[in-house]
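What follows is a short report on a single structure.
Excluded from the calculations below are hydrogen atoms, water molecules and symmetry mates; all remaining heavy atoms, backbone and side chain alike, are included. Each chain gets a letter, A, B and so on, in the order its sequence line appears, and its residues count up from 1.
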Amino acid sequence: MEQEMESKNFIEQIIDKDIAEGRCQTVCTRFPPEPNGYLHIGHAKSILLNAGLANKYNGKFNLRFDDTNPTKEKIEFVESIKEDVKWLGADWEDRLFFASDYFGQMYEAALKLIRKGKAYVSDLSADEIRQYRGTLTEAGKEDPSAKRSVDENLALFEEMKEGRYVDGEKVLRARIDMASPNMNLRDPVIYRVAHMTHHNTQDAWCIYPMYDFAHPIEDAIEGITHSICTLEFEDHRPLYDWVVRELEYEHPPKQIEFAKLYLTNVVTGKRYIKRLVDEKIVDGWDDPRLVSIAALKRRGFTPESIKKFIELCGVSKSNSSADYAMLEYCIREDLKLKKARIMAVLDPVKVIIDNYPEGQTEELTVVNNMENESLGTHTVPFCRELYIDRDDFMEVPPRKYFRMYPGNEVRLMQAYFVTCNSFIKDESGKVTEIHCTYDPESKGGNSPDGRKVKGTIHWVPAPYAKSAEVRLYENIVDEEAGVYNEDGSLNLNPNSLTVLKNCYIEPYAADAKAYDSFQFVRQGYFCVDANHSTNEKLVFNRIVSLKSSYQLPKQS
RNA sequence: UGGCCCAUCGCCAAAUGGUAAGGCAACGGACUCUGACUCCGUCAUUUCAAGGUUCGAAUCCUUGUGGGCCAGCCA
């Protein structure tokens, strides 16, 4: 029994303290996406963090769509977000909510504020409000409308609700402090007019609450105890607390901020991804070069691997960017023992086994995953003509090279020992054909006399092998690396586009279902790309780099 | 030049005043029917800097330095 206590992250420490001091009993968290795009790896951190906390503390986790701005939201994103959250394994059970379902309560809350003299209707235009707000270093000026009486405000707000004003004509502002060094407290707008059909409430409302006002109310209504959000909302916390205090909620939720997840060498951030999609730089939201959940899924990442990655990254308040290699490590780690592997030849060169009967084919049984034999076996035809990888043969081997070269005996993986006798080159010096002899006694990959060979190489039966397309996707560099110039124009490196390569794979592997749609090709990990594969052609996405096994040995 | 936040190895990240965990990456070596995997070893006398408090400081204080966020009727 392992009893070692794992160190707790700072959020867990806060929760522990809240529980110990009786501020909270059942931990309730939530993931509150705005339905205006697809989820990406950054959201996965928030989802898994919130759901994980609820799980760890035996609490509850809600999924809530923060749909308070009908001008930016679309119903179609709701479904995709639900799907992605579910795929990641975060279970909201029966607690799926929409902020828009609380519009009535938010309206009442606004009335309460007005009655308390804490909110007023302003006649200022957006431009004027900006001017009155002051700057980072200068205090703002009082809104001329701020002096209105409670009754007048009540009447005006009612008129706003009735649709008596056009968009932007009037807003409701909270009365806090126009001189606050925190801009969010300079009488923030809490309700605006928008004559727009909302995806959920249709035309029931023409006034909509602002995030800063709505969010604490949503949390309070749902009984959220810990409202976890990202660092850029730190400055909003005093406003969050103000709303919760003025509305006099009995169990005020607490906002806690953590650092967003950034990854090296990729574009993160919904708006950047959206632009790449909109400008058709990538094929869509699930383009494998992206780190949207849909793209990662298509590329072969598992929910488990993403979960592990998020756990590995940890939670803190320092802006940081995780190494992409860590993500790759997680998928390797997850798939390693779980999936079947196949043999593949990326750059084929023909091998002829001179002493193997012409026209003969035998079915060899090979183990799907030699590290996990419970994954079963499959058969691969073996015959006189094979393909091996060009890198697995050298005319003049460097020191410590133990794959195929003239006179050297190697093992064709799970098949036979073969020894190269000769080879043929074309005019350009390229090897076109390698001639070998095999040892019939070594069937299965071992010689009864106990003879050892140093090298084991992948092979594929030439007449039966399937041609497959490998897409090598380079990640699109992150914005700091200069995807966007200062003027907003795109500066994309053409090298980041898809590279296609034809390779050969075992015929058996063509049946993608046999592998649960995952394939290992040599030491690299690939997955079948269902979006591009046809009966004729299988398309793989390379999801992590081939490891050193694929490089020439180092010269000392 | 207003306010808030952050700073520990190439990258994440623990340590909560008691003498710098762990993971990724990298590098040696062993093993191996995938040069993968696995295994073993190496990798911060010092925590952005300088002062101060203390028997004792990565932790507290001060002043700098570097980075992030804030002037939407976005979230």
Side-chain angles (χ1 to χ4, degrees), chain A residues 6-10 13 32-34 36 66-69 71-73 122 124-127 129-131 133-140 167-173 180-186 188-194 208 210-212 214-215 229-238 257 259-261 264 270 309 311-330 332-333 336-337 341 343 366-367 370-371 400-403 410-415 444-446 452-458 520 522-524 546-554:
Chain A
E6 279 205 10
S7 66
K8 301 208 168 189
N9 67 44
F10 79 100
Q13 291 174 22
E34 182 183 21
N36 67 348
D66 206 359
D67 53 355
T68 56
N69 184 356
T71 65
K72 302 211 166 178
E73 294 142 11
S122 170
L124 259 29
S125 70
D127 236 28
I129 285 185
R130 183 160 44 248
Q131 280 159 22
R133 188 156 34 224
T135 67
L136 292 176
T137 52
E138 299 160 43
D167 293 7
E169 195 174 346
K170 296 251 187 292
V171 291
L172 184 69
R173 301 182 76 176
S180 172
N182 182 344
M183 302 296 276
N184 295 301
L185 262 22
R186 319 247 263 227
V189 171
I190 59 175
Y191 253 100
R192 79 282 218 177
V193 175
Y208 294 93
M210 299 287 291
Y211 168 87
D212 283 314
H215 209 84
C229 63
T230 47
L231 247 27
E232 68 267 30
F233 291 103
E234 270 180 317
D235 287 347
H236 296 241
R237 189 171 359 116
E257 310 86 12
K260 258 183 187 148
L261 173 65
T264 57
K270 213 163 17 176
F309 173 67
E311 280 164 6
L312 235 44
C313 284
V315 185
S316 77
K317 292 189 76 167
S318 62
N319 290 303
S320 55
S321 133
D323 200 319
Y324 202 88
M326 231 195 281
L327 220 205
E328 295 184 331
Y329 164 79
C330 291
R332 261 186 272 130
E333 199 62 18
K336 196 160 60 189
L337 297 177
R341 305 179 188 183
M343 291 188 289
V366 304
V367 176
M370 293 174 87
E371 287 184 86
K400 291 179 82 174
Y401 182 82
F402 47 81
R403 281 170 274 169
V410 296
R411 170 167 39 230
L412 294 175
M413 199 159 81
Q414 304 202 63
N446 280 304
K452 300 279 185 202
V453 291
K454 278 287 261 184
T456 299
I457 62 180
H458 278 226
F520 280 32
R522 299 195 60 112
Q523 285 74 39
L546 294 169
K547 301 287 279 190
S548 54
S549 62
Y550 220 67
Q551 297 163 357
L552 286 177
K554 263 175 283 184

Can you check whether [X] has a side-chain N or O nearer than 4.0 Å to OP1 or OP2 of [N]?
| X | N | answer |
| --- | --- | --- |
| A:Asn182 | B:C4 | no |
| A:Thr68 | B:A75 | yes |
| A:Arg173 | B:G72 | no |
| A:Arg133 | B:G72 | yes |

Under 4.0 angstrom, heavy atoms only, what part of the nucleic acid is [X] near: base, sugar-phosphate, or nothing?
| X | result |
| --- | --- |
| A:Asn36 | nothing |
| A:Phe233 | base |
| A:His236 | base |

Between [options], which nucleotide has the shortest distance from any of its atoms to the side chain of [X]?
| X | options | value |
| --- | --- | --- |
| A:Glu371 | B:C37, B:A75, B:A13 | B:C37 |
| A:Tyr401 | B:U34, B:A75, B:G35 | B:G35 |
| A:Arg341 | B:A36, B:C73, B:C70 | B:A36 |
| A:Ser7 | B:U1, B:A14, B:A25 | B:A14 |
| A:Ala126 | B:C12, B:C73, B:A36 | B:C73 |
| A:Asp235 | B:C4, B:C73, B:U34 | B:C4 |
| A:Leu136 | B:C74, B:G35, B:A71 | B:A71 |

Exercise. In Watson-Crick or G-U wobble terms, both distances under 3.5 Å, what is the partner of B:A7?
Worked result: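 Paired with B:U65.
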Exercise. Can you tell me how far C1' in B:A7 sits from the matching atom in B:C12, rounded to whole Å?
Worked result: 14 Å
Problem set entry | C1' gap between B:U63 and B:G56, integer Å | 24 Å
Problem set entry | A:Arg332 CZ to B:C24 P, straight-line distance once rounded to whole Å | 10 Å
Exercise. Is the base of B:G72 syn or anti, where syn means the angle lies within 90° of 0?
Worked result: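 Chi for B:G72 falls in the syn range.
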Exercise. Any salt bridge between A:Glu34 and A:Lys72, counting N to O under 4.0 Å?
Worked result: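 Salt bridge between A:Glu34 and A:Lys72, a charged N being under 4.0 Å from a carboxylate O: no.
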Exercise. So, the side chain of A:Arg192 versus the backbone of A:Gly168: is there a donor-acceptor pair under 3.5 Å, distance only?
Worked result: no
